[in-house]
2 protein chains.
Amino acid sequence: MNEPTTRDPELTRARILQAAFDLFVEKGFAAVTMRELAEGSGVTKSLIHHHFGTKDGLWDAVKELAFARYYQDQKEDLEQADGADSDLLSKSVVRYFRFLAENPKVVRLFSWAHLEGDSSCSHMDAELVGLGAERVRQAQQAGQLRDDVNPTHVVTTFVNACTQWFATCEHHADWPGMGNNEQYLEDFLKIFMRGLQPD
Amino acid sequence: MNEPTTRDPELTRARILQAAFDLFVEKGFAAVTMRELAEGSGVTKSLIHHHFGTKDGLWDAVKELAFARYYQDQKEDLEQADGADSDLLSKSVVRYFRFLAENPKVVRLFSWAHLEGDSSCSHMDAELVGLGAERVRQAQQAGQLRDDVNPTHVVTTFVNACTQWFATCEHHADWPGMGNNEQYLEDFLKIFMRGLQPD
DNA sequence: CTGTTAACTGGTCGGCCGGTCAATTGACTG
DNA sequence: CAGTCAATTGACCGGCCGACCAGTTAACAG
């Protein structure tokens, strides 16, 4: 557990992963070169190949790490939520919205991976949405939410509304009439929560 | 107005644009090579350079064409809508949803362009959202919609919910509990429209 | 029929791409 | 201390990248 000063493969891997994350998030996989990655992480091109094999290998490692963190974070939130809370849904929306607000790079990474047809994130999302839908179903049975809508669609609706907001965030930031993050969240919640009230 | 058999620069341009559109939509700008573009459109690489200058030039032309069609289509719909119709909003949602369903490639093109920081689509969307927001404002003043929410946020909410649905369409198509396009649209409209009813 | 223009082609260029490899260096083992 | 192994380096490779250019050919105006 000592700390070698000159050589530290784990730290090196971490530095490469961080630089690759930033570059891939910014420009997408295809537009980034191994030379940029090397320069960005302060190591040689060969060293990246030594640790990650190919450019694709590095890309996979970057995605796997980011997605694992995302998945862990979200699952934790979903499981620690109090099932008896009548305001569970709006709190979940807020929590998800805040997560995206604090992790804009993850949003972009998802977008890139998704456009390239990556399926690994799909399985994750399927499970998370499934967990959320189960909560909605419980709330419906408890009479807290209208029960004539598909619980999965309820979750998908707010996930879509939040995700796309941050995916296009920097564009519409200065549109006339468009509010900031908090104002949008507030209005969305107004609409969404009233739309889900029981008859 | 005759039809030359051997040489037709406009047809050539159109063929190149179509092939480029398909390839760029599928793989993104950076991952497509001039050679692929040439093969895909059945012409020589040099001819593409002759007509569009550089690869970037072709990319710009592809985007401009697709965006212009999108813009024209949307603006037409927005303007021909009957202002006195109390069900205007839900019809607009349905119309937009159907447009995306029928033009999945445009959705992907927007996603790519957007991730790359293209700002031209931003101005378009700003104007379209502005037009829609104006309609919402009118409906609010007529007492047809609740007036304690920002009209721009109303439009953004449904645009986000629809866009992101199709952006992730092929992924969640087979998720457990997830319905098809029509079922999602129906549930979203239930939530959205009730959420917007006046007090 | 002739001259001009532009569509179109094949060949080629310098440069950068991802990837490899032999050699060096540092850390740890016994 | 020698010996081992992995971390790290720099030089190098074949190939493909986007772009260019000289030459050819079809359309068209006069």
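In this text, all values refer to a predicted model and were calculated from it rather than measured experimentally. Below, chains carry the letters A, B, ... as their sequence lines are ordered, and counting in each starts from 1.
Rounded to whole Å, atom C1' of C:dT9 lies 12 Å from atom NE2 of B:His51. Atom CG of A:Leu37 and atom C1' of C:dG18 are 11 Å apart (whole Å). Computed from coordinates, the A:Ile48 CD1 to C:dC17 C1' distance equals 14 Å when rounded to whole Å. Distance CE (A:Met34) to P (D:dG10): 16 Å, rounded to an integer number of Å. One can place CZ of B:Arg13 at 15 Å from C1' of C:dC8, the figure rounded to the nearest angstrom. Rounded to an integer number of Å, the gap from CD of B:Glu39 to C1' of D:dC16 is 15 Å. Protein atom NZ of A:Lys55 is 9 Å distant from nucleotide atom P of C:dC17, rounded to whole Å. To the nearest angstrom, P of C:dC17 lies 13 Å from CG of A:Leu23.
The distance from the CD atom of B:Glu64 to the OH atom of B:Tyr71 is 13.5 Å, given to the nearest 0.5 Å.
The ring of B:Phe192 has its center closer than 6.0 angstrom to the ring center of B:Phe188.
Between the side chains of A:Tyr184 and B:Thr152, not a single donor N or O lies within less than 3.5 Å of an accepting N or O.
Ring planes of A:His153 and B:Trp165: perpendicular class, angle over 60° (limits at 30 and 60°).
Listed here is the closest heavy atom pair of A:Asn150 and B:Gly177: ND2-O, 2.8 Å. In this structure, B:Asp199 and A:Arg194 approach most closely via the heavy-atom pair OD1-NH2, 2.8 Å.
Taking 4.0 angstrom as the limit, B:Arg35 places none of its side-chain polar atoms (N or O) nearer than this to OP1 or OP2 of D:dC16. Within the 4.0 Å cut-off from OP1 or OP2 of C:dT9, not a single side-chain nitrogen or oxygen of B:His50 is found. At C:dC8, none of the side-chain N or O atoms of B:Thr44 fall inside 4.0 Å of OP1 or OP2 (strictly under the cut-off).
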Under-3.5 Å N/O pairs linking protein and nucleotides 20-22 of chain D:
residue	atom	partner	partner atom	Å
D:dC20	N4	B:Ser46	OG	3.3

Between the protein and nucleotides 22-26 of chain C, list the N/O to N/O atom pairs that are separated by less than 3.5 angstrom.
residue	atom	partner	partner atom	Å
C:dT25	O2	A:Arg7	NH1	2.9
C:dT25	O2	A:Arg7	NH2	2.3
C:dG26	O4'	A:Arg7	NE	3.4
C:dG26	O3'	A:Thr6	OG1	2.8

Check the pair B:Ser120 / B:Asp118 against side chain to side chain donor-acceptor pair (under 3.5 Å), numbers first and verdict last.
-> CA-CA 6 Å; B:Ser120 65; B:Asp118 188 300; 2.6 Å; yes

Could you walk me through whether B:Glu182 and B:Arg98 pass the salt bridge (Lys or Arg N to Asp or Glu O under 4.0 Å) check?
-> CA-CA 10 Å; B:Glu182 290 307 313; B:Arg98 301 233 186 285; 2.8 Å; yes

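Using a distance-only test at 3.5 Å, with no hydrogens or angles considered, no donor-acceptor pair links the side chain of A:Arg135 to the main chain of A:Ser92.
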